[in-house]
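Below: the structure, in structure tokens.
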Amino acid sequence: MLKKSILTMNDLTIDDVNLILNDALLFSNSFKDWQLSRKRLIANLFFESSTRTHYSFNSAELQLGANIVDFNAERSSLNKGESLYDTVKTFKSLGYDAVVIRHEQDEYFKELENIDIHIINAGDGKGNHPSQSLLDLYTVYDEFNKFEDINLLIVGDIRHSRVAHSNMYIFEKLGANVKLSGPEELIEDENRFIDLDEGVKWADVVMLLRIQFERHKDQIGINRDEYLEKYGLTKDRYKMMKENAIIMHPAPVNRGLEIDTDLVEAPKSRIFKQMENGVLVRKAMLKYIFDEKF
Ligand code: CP
């Protein structure tokens, strides 16, 4: 078996990205019921909380006719001191074809390089979230039919966000312009900083991020009561957006913190559309790693 994995967006060429996005589109229409040519065994190993990514992969795998298992970390031999490496090697030994992994450690996958099993990274610490990036690309292309010259404003906790890191890289590579806004201590690249009101007027896509309090080692001075007014999408800022601009958010959303609760399902919001698109894109990622053809 030739091992094919998707660990970061850098692993994919532009041709790979286009193939996955095009296949996702075909899964939405002509190939809705397409299945893998043989039964594959896939284990979903989520060591960190997840609703969308976990159950979106789960749905994609079942729709493709795979046999799947959802690993229960709390009832596994991790409790007896087993390492991540030995856990994944065990799934290989048990006959699994692929694993989908989310883990809190940045680049956890580096220690799995020598295991001959397909790996899809479902999020590593603050590092990468390739399936989120691909579904975000799909959502933007679906809206604007291009990436070139799209103005993408990412707002919020950039420093701790694997979504921001993956998206900054791939959207720029595809010709979009990326600017950042949010609390100064959470912005890594000051050259891309833009005042929020200016940014909202400039953007075609306003991508909001959750403040990832669980990743803040040091207490930072963020006042939850002031956050929406200072750094979030309020109803006043919504009115400043361009006519055709859209709101995106990888979710989970903290309603009333990074976005006014009434805007989560406003006409410009694509937040739930992103989740729908996620299943299509993850089906395409699985087709890609198993090197299957329609
Ligand atoms: N967007 C995202 O990764 O959501 P989950 O943490 O619920 O998987």
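Read the numbers this way: they start at 1 and go in the same order the structure lists the ligands and their atoms.
- Using a cutoff of 4.0 Å between basic side-chain nitrogens and carboxylate oxygens, Lys110 and Glu107 are scored as salt-bridged.
- Annotation: cation-pi pair Lys283/Phe31 absent, no NZ/CZ under 6.0 Å from the ring centroid and within 45° of its normal.
- At under 3.5 Å, a nitrogen or oxygen of Pro250, whether backbone or side chain, sits near a nitrogen or oxygen of ligand 1.
- Among all non-hydrogen protein atoms, the one lying nearest atom 6 (O) of ligand 1 is Arg102 NH1, 2.9 Å.
- Taking the six-membered ring where the residue is Trp, His103 and Tyr108 present tilted rings, their angle falling between 30° and 60°.
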Would Asp70 and Phe46 count as a side chain to side chain contact (heavy atoms under 4.5 Å, CB included) here? Give the steps. CA-CA 8 Å; Asp70 285 314; Phe46 280 71; 5.9 Å; no
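- Ligand 1 does not have Gly123 within reach: every non-hydrogen atom of the residue lies 4.0 Å or more from it.
- Side chains of Arg270 and Thr139: a donor-acceptor N/O pair is absent below 3.5 angstrom, by distance only.
- Annotation: cation-pi geometry satisfied between Arg40 and Phe290 (NZ/CZ under 6.0 angstrom from ring centroid, within 45° of ring axis).
- Looking at His129 next to ligand 1, an N or O pair under 3.5 Å apart turns up.
- At a 4.0 Å heavy-atom cut-off, ligand 1 does not touch Ala122 at all.
- Interface of Thr53 with ligand 1, defined as ligand atoms under 4.0 Å from a residue heavy atom, comprises 2 (C), 3 (O), 4 (O), 5 (P), 8 (O).
- Per-residue contacts place Thr51 under 4.0 angstrom from the following atoms of ligand 1 (heavy atoms of the residue considered): 5 (P), 7 (O), 8 (O).
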